[in-house]
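In what follows, a structure is listed as structure tokens, so that the remarks can point back to it.
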Amino acid sequence: MNVHAPLSVSIDDLRSRIGQEVGVSSWKVIDQDRIDRFATVTEDLQFIHVDPERALTETPFGGTIAHGFLTLSLLSAMGQEALPVIRNRTMGINYGLERVRFLAPVPAGAQVRGCFTLSEVSMRSATQAMLRYHVTVEIEGAEKPALAADWITLAVLG
């Protein structure tokens, strides 16, 4: 579980790693400021996210929690940091998510990180490789991850 991805791998190298964890990101802090900024942008201002005093007294979480989609939105940054660089890739496209499951709330002040297991590599054409990862976003010190998903990316090769 190395946070630093290899400099460069080929599609064939990746195919040999199907079923293996291929990257783990560093920890990302989900502090109240980040939660508030996300709430402002999305206009999702529910008290459970933006009112620490009320969340403390009216929820079982002991304070505010991150929006599930805030946690999910960090996948791109986590993947950029943790996933192997594909040799000859000119562009990567977030192609989609399947089976997203929110499993545990992320309390304000917690840290999360992405763990990426390569599930599939298929060539759509000579210049397009579709990669599927099973991703979990762990919460530091928690038994359950924040979420699990199947993440599909398209690597355009030049």
Side-chain angles (χ1 to χ4, degrees), residues 1-9 14 20-86 89-121 128-156 158:
M1 290 199 323
N2 188 349
V3 172
H4 301 289
L7 290 178
S8 178
V9 298
L14 282 175
Q20 297 176 19
E21 185 172 83
V22 293
V24 177
S25 74
S26 63
W27 294 103
K28 310 286 183 204
V29 177
I30 307 293
D31 58 14
Q32 191 62 51
D33 180 59
R34 182 175 277 198
I35 294 169
D36 290 345
R37 286 183 285 130
F38 188 86
T40 299
V41 168
T42 62
E43 298 182 15
D44 183 350
L45 301 170
Q46 296 181 60
F47 81 91
I48 196 166
H49 305 302
V50 298
D51 188 338
E53 292 83 24
R54 187 173 172 198
L56 179 64
T57 60
E58 295 183 29
T59 74
F61 305 117
T64 56
I65 61 171
H67 301 74
F69 289 108
L70 165 57
T71 307
L72 186 65
S73 74
L74 294 172
L75 283 182
S76 289
M78 292 173 178
Q80 180 74 23
E81 174 186 303
L83 292 174
V85 174
I86 299 170
R89 186 187 85 162
T90 59
M91 180 174 59
I93 300 169
N94 288 331
Y95 205 71
L97 292 159
E98 290 185 347
R99 295 182 279 274
V100 176
R101 177 84 186 225
F102 297 100
L103 301 168
V106 178
Q111 295 191 92
V112 296
R113 71 177 177 185
C115 302
F116 299 82
T117 299
L118 184 62
S119 303
E120 182 182 340
V121 177
Q128 294 184 356
M130 185 76 72
L131 298 103
R132 181 183 296 263
Y133 299 94
H134 178 71
V135 182
T136 56
V137 176
E138 298 177 342
I139 307 167
E140 188 175 38
E143 285 186 34
K144 290 177 74 174
L147 65 88
D150 287 336
W151 186 36
I152 304 165
T153 65
L154 182 67
V156 178

Looking only at non-hydrogen atoms, find the nearest pair between [X] and [Y] and report the distance.
{"X": "Ile48", "Y": "Phe61", "value": "CD1-CE1, 3.5 Å"}
{"X": "Ala129", "Y": "Leu131", "value": "O-CD1, 3.6 Å"}
{"X": "Met78", "Y": "Ser25", "value": "CG-OG, 3.6 Å"}
{"X": "Val22", "Y": "Pro84", "value": "O-CD, 3.6 Å"}
{"X": "Ala155", "Y": "Ile86", "value": "CB-CD1, 3.9 Å"}
{"X": "Phe116", "Y": "Val135", "value": "CD2-CG2, 3.6 Å"}

Exercise for the section: Look at the aromatic rings of Phe102 and Phe69 and report parallel, tilted or perpendicular, splitting at 30° and 60°. Expected result: perpendicular

Practice task
Hey, can you tell me if Phe38 and His67 have their rings parallel, tilted or perpendicular (30° and 60° cut-offs)?
Solution key: tilted

Exercise for the section: Calculate, to the nearest 0.5 Å, the distance between atoms CG and CG belonging to Leu118 and Leu83 respectively. Expected result: 9.0 Å

Exercise for the section: Evaluate the criterion side-chain contact (heavy atoms from CB on, under 4.5 Å) for residue pair Asp31 and Gln111; output intermediate values, then yes/no. Expected result: CA-CA 8 Å; Asp31 58 14; Gln111 295 191 92; over 6 Å; no

Can you check whether [X] reaches [Y] side chain to side chain, under 4.5 Å on heavy atoms?
{"X": "Ile152", "Y": "Tyr133", "value": "no"}
{"X": "Arg101", "Y": "Asp150", "value": "no"}
{"X": "Val29", "Y": "Trp27", "value": "no"}
{"X": "Val50", "Y": "Gln46", "value": "no"}

Practice task
For the residue pair Ser76 and Asn94, confirm or rule out a side-chain donor-acceptor distance under 3.5 Å.
Solution key: yes

Problem - salt bridge (charged side-chain N to carboxylate O under 4.0 Å, His left out) involving Glu98 - partner list, sequence neighbours excluded - result: Arg132

Handout entry: Partner residues of Arg89 under the salt bridge (charged side-chain N to carboxylate O under 4.0 Å, His left out) criterion, sequence neighbours left out
Key = none

Practice task
For side chain to side chain donor-acceptor pair (under 3.5 Å), just list the numbers for Gln32 and Thr64, CA-CA rounded to whole Å, side-chain angles, deciding distance to a tenth of an Å, and then say yes or no.
Solution key: CA-CA 8 Å; Gln32 191 62 51; Thr64 56; 2.4 Å; yes

Practice task
Carefully, step by step, assess Ile30 and Leu70 under the rule side-chain contact (heavy atoms from CB on, under 4.5 Å).
Solution key: CA-CA 9 Å; Ile30 307 293; Leu70 165 57; 4.1 Å; yes

Exercise for the section: Could you go through the side-chain contact (heavy atoms from CB on, under 4.5 Å) check for Arg113 and Ser26 one step at a time? Expected result: CA-CA 6 Å; Arg113 71 177 177 185; Ser26 63; over 6 Å; no

Practice task
Report the residues that fulfil side-chain contact (heavy atoms from CB on, under 4.5 Å) with Leu154, sequence neighbours left out, ordered by chain and then residue number.
Solution key: Ile93, Tyr95, Arg124, Gln128, Met130

Exercise for the section: Report, as yes or no, whether the 6.0 Å neighbourhood of atom CD on Gln20 holds more than 12 heavy atoms from other residues, nucleotides or ligands. Expected result: yes

Problem - Residues, nucleotides or ligands: over 12 heavy atoms within 6.0 Å of Glu58 CD - result: yes

Practice task
Using the side-chain contact (heavy atoms from CB on, under 4.5 Å) rule, take Asp44 and His49 through it: C-alpha gap first, then chi angles, then the decisive distance, then the call.
Solution key: CA-CA 8 Å; Asp44 183 350; His49 305 302; 4.0 Å; yes

Handout entry: Side-chain ion pair, Glu81 and Lys28, N-O less than 4.0 Å
Key = yes

Handout entry: Identified side chain to side chain contact (heavy atoms under 4.5 Å, CB included) counterpart of Val137 within the set Leu103, Leu72, Leu147
Key = Leu147

Handout entry: Donor-acceptor under 3.5 Å (His134 side chain, Thr117 main chain)
Key = no

